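As the structure is a computational prediction, the values presented were derived from the model and not from experiment. Order of appearance sets the numbers: ligands from 1, and atoms from 1 within every ligand.
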Amino acid sequence: GSFVPPIRNNGSNVGNMTSRCAGKNDDALEDSTKACLEMLCGPDGELPEKLRNLEPRLIEHVSNEIMDRDPHVRWDDIAGLEHAKKCVMEMVIWPLLRPDIFKGCRSPGKGLLLFGPPGTGKTMIGKAIAGEAKATFFSISASSLTSKWASIFSLIGEGEKLVRALFGVASCRQPAVIFVDEIDSLLSQRKSDGEHESSRRLKTQFLIEMEGFDSGSEQILLVGATNRPQELDEAARRRLTKRLYIPLPSSDKEARAWIIRNLLEKDGLFKLSDEDISTICKLTEGYSGSDMKNLVKEASMGPLREALRQGIEITRLQKEDMQPVTLQDFENALPQVRASVSLNELGIYEEWNKQFGSLS
Ligand code: ADP
């Protein structure tokens, strides 16, 4: 399905393929849409069966906006989370690399849930999976599908069509990883008063698509991420067979130290001693990975501010005029960047993990 003909179509058969695509003929299509459809055509110049009844502009949207050819995250960029990495390796990466071994009893689940507080690396894991398994990465935020604007105005049914296009294009780009952020807003158990008919249909469509590739031999993995796992309903839990808790690096000083070192070293700003790092780690109990990143950013402003204080003009400032980041810079930055997750919230994740999580 992912075969791309070495010779570009000259367009002579484009009419052919698009005329089957949701009843549109090629005159009605923009050049960019035609080019995008051509890329998805098989060697015979025909659009794969699954895409024929989909709207070309949605196929184009999925290919250009949702598909990410190079997610740029490697395993080594992610600090800590050893249990999650190990599970993901076994459940996802090996089966994608060796589908011949992972069949029958060993056939992997097709749905993975990453849950935990915000900013702990769930999105990074999704991207790293795609990178490591050499899979095409599709990333969508569920709230963009369920946004009330999409359902209230003329776009009724739009979300469902987009979901169909998403799974359709993914199946032509296998192996594929579909990452759905805030999946709770799509697969929530809450029947709120305001739940619109269209969001119910959207959920049904999503579950149907998942069911479809779950039973088949398709190499598509759905990775859902959520900060509110308790909102997921039973049907969603059933399809997301592996459920991994992605906690704060709070018990993991090593991970916090690693983030500091890694970010500063990348910019050539690292000169902290082991003792300094250990002090910063003690002061950052309860910080998420993303809080740590913001702290490093704030701390690295210290040497810049200091150079300006000494009278160097910003327009004349050279890199060499700035000192490496110090412990004092971190201490100054701490009141500016506080931990974003409260202890109460952590209790909820831990409870849910005990009940539904895939434990180590
Ligand atoms: P989530 O999806 O869990 O909300 P992200 O994966 O988007 O969080 O993380 C946000 C940012 O925080 C990342 O881009 C990264 O810079 C930093 N970060 C979070 N967790 C980690 C981690 N475990 N290792 C390294 N960086 C992290």
Side-chain angles (χ1 to χ4, degrees), residues 66 68 70-89 92 112-132 137-144 177-186 221-232 240 242-267 269-270 277 280-281 284-300 325 333 337-342 345-346 348-350 352-353 357 360:
I66 299 178
D68 184 349
D70 188 6
H72 290 302
V73 179
R74 315 298 304 174
W75 254 172
D76 295 344
D77 297 329
I78 304 173
L81 305 178
E82 298 310 328
H83 169 59
K85 285 186 192 168
K86 184 172 151 275
C87 288
V88 166
M89 205 70 174
V92 188
L112 168 69
L113 179 73
L114 304 174
F115 67 94
T120 46
K122 298 183 284 302
T123 310
M124 287 185 95
I125 293 183
K127 290 185 174 178
I129 291 174
E132 296 289 334
F137 187 64
F138 295 83
S139 171
I140 192 166
S141 161
S143 62
S144 69
V177 173
I178 301 179
F179 181 80
V180 184
D181 202 6
E182 301 175 76
I183 196 163
D184 54 281
S185 66
L186 186 64
L221 174 83
L222 185 107
V223 181
T226 180
N227 309 326
R228 292 178 299 183
Q230 67 282 10
E231 307 238 320
L232 292 171
L240 298 164
K242 199 88 168 176
R243 300 178 282 265
L244 296 179
Y245 181 30
I246 309 298
L248 290 179
S250 53
S251 54
D252 192 348
K253 281 194 191 144
E254 286 293 305
R256 296 205 297 281
W258 187 91
I259 294 175
I260 299 169
R261 190 183 296 270
N262 188 41
L263 291 175
L264 290 178
E265 270 176 355
K266 263 189 202 156
D267 286 354
L269 296 171
F270 183 77
I277 294 251
I280 301 168
C281 288
T284 49
E285 204 66 47
Y287 276 54
S288 69
S290 151
D291 295 335
M292 290 306 292
K293 179 177 156 186
N294 292 335
L295 180 71
V296 172
K297 277 184 164 187
E298 181 59 34
S300 65
V325 180
V337 184
R338 315 290 300 275
S340 55
V341 184
S342 74
E345 287 168 79
L346 290 186
I348 300 175
Y349 296 120
E350 271 148 28
W352 202 86
N353 189 33
S360 51

- At a 4.0 Å cut-off, with the gap strictly under it, does some heavy atom of N262 reach an atom of ligand 1? no
- Query: Looking only at heavy atoms of G119, does any of them come nearer than 4.0 Å to an atom of ligand 1?
  - Reply: yes
- Query: ligand 1 versus I125, non-hydrogen atoms closer than 4.0 Å: side chain, backbone, both, neither?
  - Reply: neither
- Considering only heavy atoms, does K293 approach ligand 1 within less than 4.0 Å through its side chain, its backbone, both, or neither? side chain
- From R243 atom CZ to L114 atom CG, the distance as rounded to the nearest 0.5 Å: 12.5 Å
- CG of D291 to CG of L295: how many Å apart, nearest 0.5 Å? 8.5 Å
Need the ligand 1 atom indices (1-based, order shown) with element for anything under 4.0 Å from a heavy-atom of [X].
X: I78; value: 23 (N), 24 (N)
X: D77; value: 24 (N), 25 (C)
X: T120; value: 1 (P), 3 (O), 8 (O), 19 (C), 20 (N), 23 (N)

- Task: Report the residue from N262, V325, L264 that forms a side-chain contact (heavy atoms from CB on, under 4.5 Å) with F270.
- Result: L264
- Message: With side-chain contact (heavy atoms from CB on, under 4.5 Å) as the test, pick out the partner of L81 among P247, C87, P249.
- Response: P247
- Query: Nearest to atom 11 (C) of ligand 1, what protein heavy atom do you find, and at what distance?
  - Reply: S290 CB, 4.0 Å
- heavy-atom search around atom 2 (O) of ligand 1 in the protein gives T123 OG1, 2.5 Å
- Query: Between W258 and ligand 1, does any nitrogen or oxygen pair lie at a separation below 3.5 Å?
  - Reply: no
- Any idea which of G289, P117, G121, A79 brings a heavy atom closest to atom 23 (N) of ligand 1? A79
- From M124, M292, R256 - option closest to atom 26 (N) of ligand 1 by heavy atom: M124
- Please state whether the rings of W352 and F115 are parallel, tilted or perpendicular, taking 30° and 60° as the class boundaries. perpendicular
In a table with atom names and distances, give each donor-acceptor pair under 3.5 Å that connects a side chain of residues 116-127 to protein atoms at least two apart or in another chain.
unit_1 : atom_1 : unit_2 : atom_2 : d
T120   : OG1    : P117   : O      : 2.9
T120   : OG1    : K122   : NZ     : 3.2
T120   : OG1    : I246   : O      : 3.3
K122   : NZ     : G116   : O      : 3.3
K122   : NZ     : P117   : O      : 2.5

- Message: Contact between H83 and L244 at the side-chain level, heavy atoms closer than 4.5 Å - yes or no?
- Response: yes
- With sequence neighbours left out, what residues match E82 under side-chain hydrogen bond (donor to acceptor under 3.5 Å, both in side chains)? none
